[in-house]
Amino acid sequence: MDTPKPPITPSHLLDDLESIRQLLDEEGLEPPLLTEQIDTDDIPLLSEVIEPAPQAAPAAPAPEAGQPDRERQRLESELRAAAQLILQDVIDDFVPQIEAELKRRLEARLGRLLAARRS
C-alpha cells in the first residue's frame with residue numbers, strides 16, 4: 001500500500017532554494033577572472049576523469065575466412081556513426097544547462113567587478 005507523501009510547503013521550497021543559492025554563491029566556486037593566470041596542470045583532462053572500459057570478450061564470432069573484411073569495416077563504421085549520434089545527443093542535452101550557468105556566473109562576476117570599480 002502506498003503511503004501518501006507529505007505536502008510540500010512553499011516555505012520548505014524557499015528554504016531549499018536559499019540553501020542551494022548559498023552553496024552556489026560561495027567564493028571558492030567562482031571561476032578565475034580573465035585577467036588571472038591559472039595553472040594548466042590543475043585542469044583535469046577527460047582521459048584522466050573517465051576510466052577506460054574493461055576489454056570484453058568479442059560478442060560476435062571471429063570473421064570466417066570466407067567473410068570479406070568489407071563487412072567488418074561496414075559494421076565498425078555503423079557502430080562509430082551510432083556512437084557519434086549518441087555523443088551528439090548528450091552534448092545537445094547539456095549545452096543549454098552549461099550555457100545558462102556560464103551566463104549566470106558571468107553576470108554575477110560582472111556585477112561584482114562593476115561594484116568594486118565604483119567604490
Side-chain angles (χ1 to χ4, degrees):
M1 185 155 101
D2 291 334
T3 57
K5 293 182 180 179
I8 299 174
T9 62
S11 63
H12 179 70
L13 290 175
L14 286 174
D15 291 341
D16 287 347
L17 287 173
E18 180 62 26
S19 65
I20 291 170
R21 187 192 62 77
Q22 288 173 353
L23 285 173
L24 291 175
D25 285 342
E26 288 180 0
E27 191 64 34
L29 298 177
E30 291 297 322
L33 291 174
L34 294 178
T35 57
E36 294 176 5
Q37 294 290 329
I38 59 170
D39 186 14
T40 55
D41 294 334
D42 292 342
I43 301 172
L45 299 175
L46 185 60
S47 60
E48 295 171 351
V49 177
I50 299 177
E51 297 177 8
Q55 295 293 332
E64 298 175 11
Q67 186 179 14
D69 284 336
R70 280 185 268 151
E71 178 68 18
R72 183 172 179 231
Q73 289 175 348
R74 184 187 66 77
L75 289 174
E76 283 183 15
S77 174
E78 285 181 18
L79 284 174
R80 289 182 190 277
Q84 287 294 329
L85 287 174
I86 291 170
L87 181 61
Q88 190 61 49
D89 284 345
V90 170
I91 290 171
D92 291 344
D93 287 346
F94 284 103
V95 164
Q97 296 171 358
I98 294 170
E99 183 180 9
E101 181 64 18
L102 287 172
K103 285 181 180 178
R104 185 194 67 78
R105 288 186 184 195
L106 180 62
E107 291 289 328
R109 181 63 63 111
L110 186 59
R112 286 195 298 271
L113 287 174
L114 291 174
R117 188 172 188 116
R118 288 180 194 150
S119 355

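Taking the charged nitrogens against the carboxylate oxygens, R74 and E71 do have a contact shorter than 4.0 Å, which makes a salt bridge. Between K103 and E99, at least one side-chain nitrogen of the basic residue sits less than 4.0 Å from a carboxylate oxygen of the acidic one, meeting the salt-bridge criterion.
Taking CG from L110 and CG from L114, the interatomic distance works out to 4.5 Å, rounded to the nearest 0.5 Å. Note that CG of D69 and CD of E76 are 9.5 Å apart. Values are rounded to the nearest 0.5 Å.
Each of D89, V95, D93 was evaluated against I91; a single residue qualifies, V95, per the side chain to side chain contact (heavy atoms under 4.5 Å, CB included) test.
Side-chain contact between E101 and R105: present, with at least one pair of heavy atoms (C-beta onward) separated by less than 4.5 Å.
Note on L102 and F94: same hydrophobic cluster, where clusters join Ile, Leu, Val, Met, Phe, Trp and Tyr whose side-chain heavy atoms are under 4.5 Å apart, directly or indirectly.
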